[in-house]
Q: 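First the structure, which I've put down as structure tokens, then a few questions once you've had a look.
The basis for the numbers below is simple: all heavy atoms, side chains too, and nothing from hydrogens, waters or symmetry mates. Whatever order the structure lists ligands and atoms in, that order sets their numbers, starting from 1.
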Amino acid sequence: MPHIIDGMMQTDTSIHRGGIVIKGVEKTYRLGRRTVRALAGVDITVGPGEFVAIMGASGSGKSTLLHLCALLDTPDAGSIMVDGQNLAALSERQATLFRRQTVGVVFQSFNLVPTLTLLDNVLLTARLAGKYDQSVRNRAIELAGALGLAERLTHRPDALSGGEQQRAAIARALLLKPRVLLADEPTGNLDSISAGNFWRLLKGVLAESVDIPTTVVVVTHEPAAAAYADRVLVLRDGKLAGSFGVEGQDDAGSIAARYQHALA
Ligand SMILES: Nc1ncnc2c1ncn2[C@@H]1O[C@H](COP(=O)(O)OP(=O)(O)O)[C@@H](O)[C@H]1O
Ligand SMILES: [Mg+2]
């Protein structure tokens, strides 16, 4: 009965469609004779469309976790499912497609190509993925506009401020409507007013993409930024130290207090 098999396959993969399931993940770096245990057994589930902030002291493993979810590196132990795909089981070709289409990434270096205009940088991944057409170009212009970059489309990165480069990287990451957006301290270079504008813009852009809800995992050490999330996960020494839900009335002060409480 194929429909039952179909149904089973659907339950298998669609439960966490768009979501992330991390189980028992460990990662140790070796530096000559020294070893650094960056992740020491992490279990995290992020629901489809959920907006999660990861907080933790410097060196607690936040960037490592994001890199593993983006398939830029592989864990020593444990498993990671993103959008129903077991990352360890992907072929080379599937891995390339995953990096180009399933996830959008914004890392601390924005990786903009210096010789390309802002618009061409936003379009770069789409071109690499063979997804470029007029409607993608229009969406790129729309997204850039929504992120306050309408007047900057023809500028090259060296003519842009740090904040504008960051927003260009976000537009590029969102262009192909990824199921999952992974961002590592995306407002690290912005003053608090620009950072606030940025989070509100991001939430607005995400709310527009109603056809496919985007799951967001953002690393931040700023309680004010974490206040925009649905939930905060706290890492300490490569382990999940705690987590808490964010309510509408939560502000930077209450997030900071709950963060400290999770660490205590
Ligand atoms: N490529 C690497 N080689 C060696 N050590 C690393 C590497 N990446 C991270 N580490 C170490 O792993 C630990 C966790 O790093 P990271 O995930 O970058 O933490 P965070 O982003 O929370 O500051 C740190 O002690 C860091 O020095
Ligand atoms: Mg980091």
Side-chain angles (χ1 to χ4, degrees), residues 20-46 51-82 87-88 95 99 103-112 162-163 165-167 169-170 172-173 180-192 194-195 198-199 202 215-229 231-244 246 252 255-256 258-264:
I20 301 176
V21 183
I22 296 167
K23 281 191 186 148
V25 162
E26 299 176 21
K27 180 73 182 177
T28 298
Y29 291 107
R30 279 163 196 86
L31 295 164
R33 244 171 283 158
R34 239 166 50 82
T35 60
V36 179
R37 197 150 193 232
L39 295 174
V42 173
D43 298 277
I44 290 172
T45 300
V46 181
F51 188 149
V52 159
I54 298 182
M55 299 183 75
S58 176
S60 58
K62 307 181 297 295
S63 295
T64 301
L65 192 63
L66 227 53
H67 285 134
L68 297 180
C69 291
L71 200 47
L72 299 177
D73 206 344
T74 51
D76 301 326
S79 67
I80 302 180
M81 299 265 294
V82 178
L87 300 194
R99 292 189 195 100
V103 286
V105 297
V106 184
F107 288 131
Q108 280 159 302
S109 55
F110 315 127
N111 302 322
L112 299 179
Q165 293 184 35
Q166 250 163 343
R167 282 176 278 151
I170 285 276
R172 181 181 55 191
V180 176
L181 178 71
L182 304 170
D184 199 348
E185 307 207 11
T187 57
N189 294 355
L190 306 187
D191 62 65
S192 64
S194 311
F198 169 85
W199 291 111
L202 177 61
T215 304
V216 179
V217 179
V218 59
V219 164
T220 183
H221 59 262
E222 300 157 74
Y228 291 93
R231 191 157 57 104
V232 176
L233 304 174
V234 180
L235 283 188
R236 183 183 53 207
D237 300 335
K239 285 188 179 154
L240 191 63
S243 70
F244 54 88
V246 179
I255 298 285
R258 297 173 77 188
Y259 168 63
Q260 290 305 331
H261 181 79
L263 282 177

Q: Can you name the nearest heavy-atom pair linking Val219 to Pro186, along with the distance?
A: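 The pair with the smallest heavy-atom distance is O-CD, 3.8 Å.
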Q: Specify the protein heavy atom at minimum distance from atom 4 (C) of ligand 1: its residue, its atom name, and the distance to 0.1 Å.
A: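 Ranked first by proximity to atom 4 (C) of ligand 1 is Tyr29 CB, 3.3 Å.
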Q: Please could you name the atoms of ligand 1 that Ala38 approaches to less than 4.0 Å, counting only its heavy atoms?
A: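 Numbered from 1, ligand 1 contributes 12 (O), 13 (C), 14 (C).
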Q: Within a radius of less than 6.0 Å around CG of Asp237, do more than 12 heavy atoms belonging to other residues, nucleotides or ligands occur?
A: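 At most 12 heavy atoms, drawn from other residues, nucleotides or ligands, come within 6.0 Å of this atom.
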Q: Which heavy-atom pair separates Pro75 from Val25 by the least distance, and what is that distance?
A: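 Distance-wise, the nearest heavy atoms are CB-CG1, 3.9 Å.
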Q: Do Lys62 and Asp184 meet the salt-bridge criterion of a basic N to acidic O distance under 4.0 Å?
A: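 Not counted as a salt bridge, because no side-chain N and carboxylate O are separated by less than 4.0 Å.
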Q: What residue and heavy atom of the protein are closest to atom 22 (O) of ligand 1, and at what distance?
A: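 The protein heavy atom lying closest is Lys62 NZ, 2.8 Å.
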Q: Going by the atom numbers of ligand 1, which of them fall below 4.0 Å from some non-hydrogen atom of Thr64?
A: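 Contacts of ligand 1 toward Thr64, numbered from 1: 15 (O), 16 (P), 17 (O).
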Q: Do you know the tightest heavy-atom contact between Ala70 and Phe107?
A: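 Heavy atoms only, the tightest pair is CB-CZ, 4.1 Å.
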Q: Determine whether the side chain, the backbone, both or neither of Asp184 has a heavy atom under 4.0 Å from any heavy atom of ligand 1.
A: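 Contact part for Asp184 vs ligand 1: neither.
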Q: Atom 19 (O) of ligand 1: which protein heavy atom is closest, and how many Å away?
A: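 Sorting protein heavy atoms by distance from atom 19 (O) of ligand 1 puts Gly61 N, 3.2 Å first.
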Q: Measuring from atom OG1 of Thr64 to atom CG of Asp73, what distance do you get when rounded to the nearest 0.5 angstrom?
A: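 Nearest 0.5 Å value for the OG1-CG distance: 8.0 Å.
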Q: Counting from 1, what ligand 1 atoms have a heavy atom of Val36 closer than 4.0 Å?
A: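 So the answer, numbered in order with elements, is 11 (C), 12 (O), 13 (C), 25 (O).
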Q: Would you please classify the geometry between the Tyr228 ring and the Trp199 ring as parallel, tilted or perpendicular, with 30° and 60° separating the classes?
A: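 Rings of Trp199 and Tyr228: parallel, under 30°.
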Q: Indicate, with yes or no, if the rings of Phe244 and His261 have centres closer together than 6.0 Å.
A: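 No, too far apart.
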Q: Using a strict cut-off of 4.0 Å, indicate which atoms of ligand 1 neighbour a heavy atom of Ala57.
A: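 It comes down to these atoms of ligand 1: 22 (O).
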Q: If the contact criterion is a heavy-atom separation under 4.0 Å, does Gly56 count as touching ligand 1?
A: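 Judged by the 4.0 Å heavy-atom criterion, Gly56 does not count as contacting ligand 1.
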Q: Could you grab the distance from atom CD1 of Ile170 to atom CG of Leu181, nearest 0.5 Å is fine?
A: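 Reported to 0.5 Å precision, the distance equals 5.5 Å.
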Q: May I ask you to identify the nearest protein heavy atom to atom 23 (O) of ligand 1, giving residue, atom name and distance to one decimal place in Å?
A: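 Its nearest protein heavy-atom neighbour is Gly59 N, 2.7 Å.
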Q: Examine all N, O or S atoms of Ser58, backbone included, and report whether one is under 2.8 Å from the Mg ion (ligand 2).
A: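 Looking at Ser58, which is the residue asked about, there is no N, O or S atom under 2.8 Å from the Mg ion (ligand 2).
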Q: With a 4.0 Å cut-off on heavy atoms, is Gly238 touching ligand 1?
A: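 So Gly238 does not count as touching ligand 1.
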Q: In the complex you have, is atom 27 (O) of ligand 1 within reach of the protein, judged by whether a heavy-atom distance drops under 4.0 Å?
A: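 Not a single protein heavy atom is under 4.0 Å away.
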Q: Who's the nearest protein heavy-atom neighbour of atom 18 (O) of ligand 1, and how far?
A: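 Answer for atom 18 (O) of ligand 1: Ser63 CB, 3.7 Å.
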